[in-house]
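The structure under discussion is supplied below as structure tokens; questions concerning it will follow.
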Amino acid sequence: MKNIRYEISYIKNYIFPFIISNLLFLFIAYFTDLNITQILLIIFLIVITFILMIYFSFRKREQDFRIIINTIKSIRKNQFNSPDEIRLPEDLFQIEKEIHKMYRKIENDISHLKKLEKIRTEFLGNVSHELRTPIFAIQGYIETLLNGAIDDKKVNRTFLEKANQHVNNLNNLLNDLIDISMIESKQMRMSLRFFKIAPFLENIVYEFKPYAEKKNLELVLLPFNNNIEVYGDKERLKQVMNNLITNAIKYTETGKVEIGVVEFNKSVKIFVKDTGIGIPEKDLDRIFERFYRVDKNRSREMGGTGLGLAIVKHIIEAHNSKVEVKSQPGKGSEFSFVLKKL
């Protein structure tokens, strides 16, 4: 039924000019000396011409449709290696352009899906590996205790403390997995507002002082304008600072960790700078990937989940900013990001 309506609609495109041409002819014939036989003959020729025009037009249209359908079938069967191989007649140039765009869109979608599948596979493999490490360690300590070590006062408490440490690592990993999942699925909502940066950073430094002192490190909040107000999600930015300061302390053996604020006209830069082991240049572009570690064994020993910097990156990007990194092996690292200020 739809095809019949479409054919009728297509024919209508010719009927109007046909009627106009005949009326025009009759108008001219009225003011000339043509007899009725001549008029009827000319009308007959016009009708025949009209019918032939419609016939050849339909033939051309069917050929064009056949070419377009065959081209789409070839695309579906992956018979083209690039959009440049797709060629249509010149009068179908506009359709050819649209098919090229469609082909490139399909190519990009397939490439994106393959990339997502690769990321998903790698992510599942990494999660399995990261979960297996603390679980096997906890299982080993518990089995040892059950096999008699629980009665040995020299080792039982040590084994329980180590098992508890791995439980904490496992809990941190699961919390980070939940955070990264919520961020990447756009379920984590940001509560953006202006707040004073001075008391915010002072509280964080106060909380981390004991951890820095345990390693004989100096944790310093450099002086800045105490009246500065920045725009952001306070809780999420605290998560960012916690991750950056934790890493700075973790990978610094001697020296200090500095937290500072650099004020600009309409924004501020917040940085965390350490005198630690630094990051090799070849790793700088990958440190924000999930589960990527510069030193895998050392990170696990220190309880790292491999997700901290990935979470930092996502949170800062949600603030329409970017994390910048400067680092030299053996000299330390500096992580910074920019926020809007009042």
Q. Can you find a pair of side-chain heavy atoms, one from Leu244 and one from Leu309, that are under 4.5 Å apart?
A. yes
Taking C-beta and beyond as the side chain, do Phe337 and Lys269 meet within less than 4.5 Å on heavy atoms?
-> no
With a 4.5 Å cut-off on side-chain heavy atoms, are Ile259 and Leu222 touching?
no
Answer yes or no: is there an ion pair linking Glu161 with Arg157, defined by an N-O contact shorter than 4.0 Å?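 Salt bridge flag = yes for Arg157 with Glu161.
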**Asked** Do any N or O atoms from the side chain of Lys215 and from the backbone of Thr252 form a donor-acceptor pair under 3.5 angstrom?
**Response** yes
Please walk me through it: do Val262 and Val268 pass side-chain contact (heavy atoms from CB on, under 4.5 Å)? CA-CA 6 Å; Val262 179; Val268 296; over 6 Å; no
- Find the distance between CD1 (Ile245) and CG (Leu219) and round it off to the nearest 0.5 Å.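 One gets 6.0 Å once the value is rounded to the nearest 0.5 Å.
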>> Is it the case that the side chain of Asp233 and the backbone of Ser191 share a donor-acceptor pair, with hydrogens and angles ignored and the cut-off at 3.5 Å?
In response: yes
*Test item: Asn164 side-chain N/O and Leu160 main-chain N/O as donor-acceptor pair under 3.5 Å*: no
Please check: side-chain N/O of Ser327 versus main-chain N/O of Gly332, any donor-acceptor pairing under 3.5 Å?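 Flag set: sc Ser327 to bb Gly332 pair under 3.5 Å.
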Under a 4.0 Å threshold between the charged nitrogen and the carboxylate oxygen, would Lys322 count as salt-bridged to Glu317?
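Salt bridge between Glu317 and Lys322, a charged N being under 4.0 Å from a carboxylate O: no.
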Quick one: CG on Leu201 to CG on Asn226, what's the gap to the nearest 0.5 Å?
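Rounded to the nearest 0.5 Å, the CG-CG separation comes out at 10.5 Å.
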#### Entry: Side chain proximity check, Met241 to Val272, heavy atoms < 4.5 angstrom
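In contact.
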I'd like to know if the side chain of Thr144 reaches the main chain of Phe159, judged simply by a donor and an acceptor atom lying under 3.5 Å from each other, with no hydrogens or angles considered.
no
In terms of heavy-atom contacts, Phe224 and Ala198 come closest through CZ-CA, 3.6 Å
- Determine whether more than 12 heavy atoms belonging to other residues, nucleotides or ligands lie under 6.0 Å from atom OH of Tyr211. no
| message | With a 3.5 Å distance limit and no angle check, can you tell me whether His100 reaches the backbone of Ile86 through a side-chain donor-acceptor pair? | response | yes
ask   = Atom CG in Asp274, atom CG in Leu217: separation rounded to 0.5 Å?
value =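 Reported to 0.5 Å precision, the distance equals 9.5 Å.
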Open item on the list: Angle between ring planes, Phe288 versus Phe335, binned at 30° and 60°: parallel, tilted or perpendicular?
Closed with: perpendicular
**Asked** Heavy-atom distance under 4.5 Å between the side chains of Gln239 and Ile311, does that happen here?
**Response**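 With C-beta onward as the side chain, the pair touches.
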inquiry  = Starting from Met102, can I reach Ile68 by hopping between I/L/V/M/F/W/Y residues whose side chains sit under 4.5 Å apart?
reply    = yes
**Item:** Heavy-atom side-chain proximity of Ile287 to Ile279 below 4.5 angstrom
**Value:**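 Counting from C-beta outward, Ile287 and Ile279 do come under 4.5 Å.
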Distance col, row Lys234:NZ vs Phe200:CZ, nearest 0.5 angstrom, shows 7.5 Å
query = Can you check salt bridge (Lys or Arg N to Asp or Glu O under 4.0 Å) on Arg104 and Glu107, steps first, answer last?
reply = CA-CA 5 Å; Arg104 291 190 182 94; Glu107 268 191 329; over 6 Å; no
Is it true that Val205 and Val257 fall in one hydrophobic cluster, defined by side-chain heavy atoms closer than 4.5 Å?
yes
query: Does a salt bridge link Lys105 with Glu98, judged by any charged N lying under 4.0 Å from a carboxylate O?
result: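 The answer is no: the pair does not qualify as a salt bridge.
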Handout entry: Sidechain-backbone polar pair: Ser321 side chain, Leu339 backbone, donor-acceptor under 3.5 Å
Key =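 Not at all, since once roles are kept as given, no pair shorter than 3.5 Å links the two residues.
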Passes side-chain contact (heavy atoms from CB on, under 4.5 Å), Glu324 versus Ser336? Steps please. CA-CA 5 Å; Glu324 301 287 345; Ser336 65; 3.6 Å; yes
Next on the checklist: If we ignore hydrogens and angles and just use 3.5 Å, is the side chain of Lys196 paired with the main-chain N or O of Asn227 as donor and acceptor?
Outcome noted: no
Between Leu237 and His319, is a side-chain contact (heavy atoms from CB on, under 4.5 Å) present by the stated rule, with each step listed? CA-CA 9 Å; Leu237 289 173; His319 285 76; 3.8 Å; yes
Note: Glu235-Lys238 ion pair, threshold 4.0 Å (strictly below) =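 No.
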Ile228/Glu263 under side-chain contact (heavy atoms from CB on, under 4.5 Å): CA gap, chis, key distance, verdict: CA-CA 8 Å; Ile228 295 175; Glu263 187 175 6; 3.6 Å; yes
Exercise. Output yes when a side-chain donor or acceptor of Asn171 lies under 3.5 Å from a complementary backbone atom of Val167, and no otherwise.
Key: no
Over all atoms of both residues, closest heavy-atom pair of Lys341 and Phe194: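 For Lys341 and Phe194, the tightest heavy-atom pair comes out as C-CE2, 3.8 Å.
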